[in-house]
Amino acid sequence: MNNLIWFRNDLRVTDNESLLKAMNGNNVIAVYCFDPRHYEADNFGFKKTEKYRAKFLMETIANLRANLKQLNVTLFVFHDKPEVVLPKLVKENEINNIFLQKEWTSEENAVFDSVIANVPALVNFETAYQQFLFHPDDIPFDSFENIPEVFTNFRKKCEKYAQIKSTYPIPESKNPTNFIANTTKIPTLAQLGLSDFTTDSRTAFPFKGGEDEANNRIASYFWETGKLAHYKKTRNGLIGKDYSSKLSAWLANGSISARTIYWQVKKFEKEVIKNQDTYWLIFELIWRDYFKYVSLKHQNKIFHLGGILNADYHWDNARLAKENWIKGNTKEPFVNANMKELALTGWMSNRGRQNVASFWSKELEQDWRIGAAYFESMLIDYDVHSNWGNWMYNSGVGNDPRNRKFNIPRQASMYDANGKFQKLWLQETLF
DNA sequence: GTAATATTGTT
DNA sequence: ACAATATTA
């Protein structure tokens, strides 16, 4: 049996069920496609992927390729559609089985369906949920239909009844003869239609993509500096790389698994200290799972104007409001500083995200999907479920039972009392 | 009807 | 600690 592993958002060799299973084949190859559709404009005119995440992804694939080579597995890399690439690979390498992570959002489903339609019917596909902390088989709900609409109800039931699986090991290496020399290349930013850039020295996310870098971040944030032990107290910070874990970016493309992080926290709690702060990182991983289950339950509604509530609010779509919000030219300096940070780095703190989202949808009353689409374009750590779920939540069409509106000046005085953050991004450029 | 008081959910 | 709802008086 010859196996192929098709990488999408599971770009790692550790705790990767699909890879581990594929490695049982006689011959094993791997493929990643930079899908041109991911770099085109969306319905709102934003490029679906901007330069910051694209670069992070390129670094991720380079690292994945190196780590797979250690296992004597070739990673073919293409700048083309999977439904074009995979049928050729299947034919040339006489592939019997294709292993991949299970996705469920409409665009991912459409691509998967095209691939199925374009390979011989005898080819077998095996998918696996590998992006969860609480595996769908282990949650205490009979069906996705019964996922609670209130986060706390979801969290408490999962914490009480759901076991968290152990991680899958790195597979054993194949024989060196399994490795096939190939000349496929990771595309450049220019080839993806994006401009090159130098990293802004003020960035809160000065990290590179890839599984090794994710592990380095854990080594640093958990073990070397012990900052995990202060996470709950510092996580609403705004400046610098260490106010929060920053693991979201590697989690989003699957360079590291939620379970790997969970078991590292457990180890830290055993060997160093267990406190509210260490728990809070797990708490945040549960939020991440929650939005995946919300999207499994509600499917395409997470992209609709009325959200999962079918709410009927008045929404504007003002070109000038959009331009001013994006450029950081609104009446709220705290919003402006955060929006400039996003435009210049591809990163914004969690505190900032909640504020600029609330301002956009609740204060300006603009179509919340425009805000969500802009975040999708810009964020290094974009994850479809967290992004659209959080935007629904902050826009009053999602899972917030209170439909809160942020008092922005108050938030600014609480979280940026001395104005350091606002100054960092708003002061006139010195020359 | 209003106003005080309790409950809810929280990144 | 808070703000939006729900309940009680």
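Please read all numbers here as calculations on a predicted model, not as lab measurements.
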Using a distance-only test with no angle check, is there a side-chain donor-acceptor pair under 3.5 angstrom linking A:Asn394 and A:Ser358?
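There is no such pair between these side chains.
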Does a side chain donor of either A:Asp138 or A:Tyr161 reach within less than 3.5 Å of an acceptor in the other side chain?
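Not at all, the side chains of A:Asp138 and A:Tyr161 share no donor-acceptor pair under 3.5 Å.
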Take the protein atom [atom1] of [X] and the nucleotide atom [atom2] of [N], then report the distance between them rounded to whole Å.
X	N	atom1	atom2	result
A:Asn394	B:dT11	CG	P	9 Å
A:Arg351	B:dT10	CZ	P	14 Å
A:Lys232	B:dT11	NZ	P	10 Å
A:Asp277	B:dT11	CG	P	16 Å
A:Gln354	C:dC2	CD	P	17 Å
A:Met348	B:dT11	CE	C1'	16 Å
A:Arg410	C:dA4	CZ	C1'	14 Å
A:Lys405	C:dA3	NZ	P	13 Å

To the closest 0.5 Å, what do you measure between CG (A:Leu133) and CH2 (A:Trp263)?
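A:Leu133 CG to A:Trp263 CH2: 9.5 Å, rounded to 0.5 Å.
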Nearest 0.5 Å, what's the CZ-CG distance between A:Arg12 and A:Leu68?
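A:Arg12 atom CZ to A:Leu68 atom CG measures 12.5 Å (nearest 0.5 Å).
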Non-neighbouring partners of A:His385 that pass ring-ring contact (aromatic ring centres under 6.0 Å, His included), sequence neighbours left out
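Result, ring-ring contact (aromatic ring centres under 6.0 Å, His included) vs A:His385: A:Trp104.
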Looking at A:Arg155, I'd like to know whether one of its side-chain N or O atoms comes within less than 4.0 Å of OP1 or OP2 on B:dT11.
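For B:dT11, neither OP1 nor OP2 has a side-chain N or O of A:Arg155 closer than 4.0 Å.
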May I ask you to say what A:Phe291 touches in the nucleic acid, namely base, sugar-phosphate or nothing, with a heavy-atom cut-off under 4.0 Å?
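If one applies the 4.0 Å heavy-atom cut-off, A:Phe291 turns out to touch a base.
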For DNA chain C, the residues among residues 235-259 of chain A that have a non-hydrogen atom under 4.0 Å from it:
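Correct list: empty, so none.
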Quick one: which of A:Asp15, A:Asn16, A:Asp10 gives a side chain to side chain donor-acceptor pair (under 3.5 Å) with A:Ser257?
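The option that passes is A:Asp15.
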Using a 3.5 Å limit for the pairing distances, which stems of at least 3 consecutive Watson-Crick or G-U wobble pairs does DNA chain B take part in?
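Detected stem regions: B:2-9 with C:2-9.
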Given A:Tyr382, A:Tyr393, A:Trp368, the one that forms ring pair (Phe, Tyr, Trp, His ring centres under 6.0 Å) with A:Trp388:
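Looking at A:Tyr382, A:Tyr393, A:Trp368, the match for A:Trp388 under the ring pair (Phe, Tyr, Trp, His ring centres under 6.0 Å) is A:Trp368.
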From the options A:Phe112, A:Trp6, A:Phe99, select the one residue that forms a ring pair (Phe, Tyr, Trp, His ring centres under 6.0 Å) with A:Phe125.
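That would be A:Phe112; it is the only one of A:Phe112, A:Trp6, A:Phe99 passing the ring pair (Phe, Tyr, Trp, His ring centres under 6.0 Å) with A:Phe125.
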Encode nucleotides 4-9 of chain B as B, S and - characters from 5' to 3', where the letter depends on protein heavy atoms closer than 4.0 Å: B to the base, S only to sugar-phosphate, - to neither.
----BB
Sort and list the pairs that fulfil ring pair (Phe, Tyr, Trp, His ring centres under 6.0 Å) and have at least one residue in residues 206-242 of chain A, not counting sequence neighbours.
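Non-adjacent pairs meeting ring pair (Phe, Tyr, Trp, His ring centres under 6.0 Å): A:Phe205-A:Phe207, A:Phe207-A:Trp250, A:Trp223-A:Phe268.
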side-chain hydrogen bond (donor to acceptor under 3.5 Å, both in side chains) partners of residues 202-213 of chain A, not counting sequence neighbours, each pair once:
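Pairs touching residues 202-213 of chain A that pass the test: A:Thr14-A:Glu211, A:Asn63-A:Asp212, A:Asn67-A:Asp212, A:Asp200-A:Arg202.
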Please confirm whether A:Tyr32 and A:Phe34 have ring centers closer than 6.0 angstrom.
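Between A:Tyr32 and A:Phe34, the centre distance is under 6.0 Å.
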